[in-house]
Amino acid sequence: MKLRLTHSILLALIMVSAFSPADWKSEKRTGYIVRFTQQDEATRAEYVSLLDQGKKDVQTFFKKAYRTDFEVYIHPNRQSLDAQWQADWKMPDFKSECWMVASGVATKLDLLSPSRWKEDACEHSYEDKEKTQELITHEMVHVFHGQWNKSPDFSEVEQLDWWVEGLATYASGQCDRSRMEEVHKALVENKVPITLDKFWSGKNRYGQSGSVVMYIDQHYGREKIIELLPLSKKTELLDALKITEEQLLADWKKFVLSKRN
Ligand SMILES: [Zn+2]
């Protein structure tokens, strides 16, 4: 009995220490602080260069600086990432899907350590440097967007998944040729959703949402994209573009079909 008790106390101590804030080390960078654990002591220099590049690319895209400093947490395993999301989203039972490896809001970016993707994730390969950079940049766009949005953690954002995710997809370079080809094909086959609310769903969600933002950028210009950053409702955004959803979708469709793939 005594032995078992000692064991459970020991186990409890190990579990507490595994997630104790004291175990987080940090490094101050220009504009942000990276927090990481012992496990990433050696790899963090690589991650920091991806983060620095992402930050630079985001500011170049928007021709505008981040409003404030933010934090980046490199979680040592999925358990640590899930514990963070459970607390942030007030969903104590939340368990993430294997493809979910990062999130970004105005104040911080949470990332599952890429060194753990092989064991703890699916659909992502750290070795694919270009895609890894785009993924990091995508989250950095969310941080930037949150800093200029009325709802910094996007909790009050309504019917704008296609916009928030489309913007991060497009601005990070994820709306690439192959994704555009997929959207083109889906349009020809009449397989795209009929409302924007459904654009961020299904296997073509990146291409569908990203290409609407690409259309807005190329038709209305980058200044308009920047004007839209604070908005938190689909109706506000359509009003700002002086267009109905039906017309926007019809124009987008023409745009995608006219692009040579
Ligand atoms: Zn995203």
Side-chain angles (χ1 to χ4, degrees), residues 57-58 60-62 97-104 121-125 127-142 145 154 157-229 231-261:
D57 290 348
V58 169
T60 302
F61 178 89
F62 290 102
E97 302 286 337
C98 64
W99 50 267
M100 303 169 89
V101 294
S103 65
C122 59
E123 294 178 27
H124 302 288
S125 161
E127 283 71 42
D128 189 335
K129 295 288 169 213
E130 200 180 325
K131 290 217 158 49
T132 299
Q133 178 65 67
E134 287 170 0
L135 184 145
I136 303 272
T137 307
H138 174 119
E139 300 307 329
M140 304 283 272
V141 175
H142 286 322
H145 192 179
F154 303 108
V157 165
E158 290 170 23
Q159 296 181 293
L160 284 181
D161 284 3
W162 62 273
W163 163 246
V164 173
E165 292 301 341
L167 183 61
T169 299
Y170 173 59
S172 66
Q174 289 176 316
C175 198
D176 56 17
R177 194 184 173 86
S178 79
R179 286 212 163 104
M180 287 305 283
E181 277 168 15
E182 281 165 14
V183 181
H184 192 281
K185 184 164 175 278
L187 258 177
V188 170
E189 293 170 358
N190 237 338
K191 283 183 183 157
V192 295
I194 49 166
T195 74
L196 283 168
D197 299 356
K198 295 231 167 76
F199 265 47
W200 184 249
S201 65
K203 70 175 176 64
N204 284 339
R205 63 189 185 281
Y206 285 89
Q208 280 165 184
S209 303
S211 62
V212 178
V213 179
M214 183 190 283
Y215 169 68
I216 293 173
D217 185 45
Q218 295 189 8
H219 185 74
Y220 297 85
R222 193 66 45 96
E223 287 305 312
K224 184 55 85 176
I225 295 269
I226 289 156
E227 256 177 58
L228 303 176
L229 291 175
L231 309 181
S232 60
K233 290 187 175 62
K234 180 170 71 171
T235 46
E236 293 173 346
L237 199 133
L238 292 168
D239 286 351
L241 295 177
K242 300 188 180 69
I243 200 165
T244 62
E245 179 166 346
E246 292 70 30
Q247 192 57 51
L248 176 61
L249 285 175
D251 295 348
W252 162 78
K253 188 173 174 171
K254 247 186 263 165
F255 168 76
V256 174
L257 290 176
S258 73
K259 277 187 94 67
R260 288 190 63 226
N261 283 307

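Every residue two or more places apart in sequence or in another chain that forms a side-chain contact (heavy atoms from CB on, under 4.5 Å) with Cys122 is listed here: Cys98, Trp99. Under the side-chain contact (heavy atoms from CB on, under 4.5 Å) criterion, Glu130 pairs with Asp128, Glu134, not counting sequence neighbours. For Asp217, the side-chain contact (heavy atoms from CB on, under 4.5 Å) partners two or more places apart in sequence, or in a different chain, are Tyr170, Arg222, Ile225. For Lys254, the salt bridge (Lys or Arg N to Asp or Glu O under 4.0 Å) test picks out no residue, with sequence neighbours left out. The side-chain contact (heavy atoms from CB on, under 4.5 Å) check on Glu246 picks up Thr244, with sequence neighbours excluded. With sequence neighbours left out, the salt bridge (Lys or Arg N to Asp or Glu O under 4.0 Å) criterion links Glu127 to Lys118. Annotation: side-chain hydrogen bond (donor to acceptor under 3.5 Å, both in side chains) contacts of Ser211 (sequence neighbours excluded): Trp252. Applying the side-chain hydrogen bond (donor to acceptor under 3.5 Å, both in side chains) rule to Glu182 yields no partners; only residues at least two apart in sequence or on another chain are considered. Listed by chain and residue number, Glu227 satisfy the side-chain hydrogen bond (donor to acceptor under 3.5 Å, both in side chains) test with Lys224 (two or more places apart in sequence, or in another chain). Judged as a side-chain hydrogen bond (donor to acceptor under 3.5 Å, both in side chains), and not counting sequence neighbours, the contacts of Glu236 are Lys150.
Ion pairing between a basic and an acidic side chain is recognised when a charged N comes within 4.0 Å of a carboxylate O; Lys185 and Glu181 show no such pairing.
Listed by first and then second residue, the salt bridge (Lys or Arg N to Asp or Glu O under 4.0 Å) pairs involving residues 197-213 are Asp197-Lys234 (not counting sequence neighbours). Within the structure, salt bridge (Lys or Arg N to Asp or Glu O under 4.0 Å) pairs that include any residue of residues 164-176 do not occur (at least two apart or interchain).
A 4.5 Å side-chain heavy-atom check between Asp57 and Val141 finds every atom pair outside the cut-off. Residues Trp200 and Trp163 are not in side-chain contact: their nearest non-hydrogen atoms beyond the backbone lie 4.5 Å or more apart.
Shortest non-hydrogen contact noted between Ser172 and His138 is CB-N, 3.5 Å.
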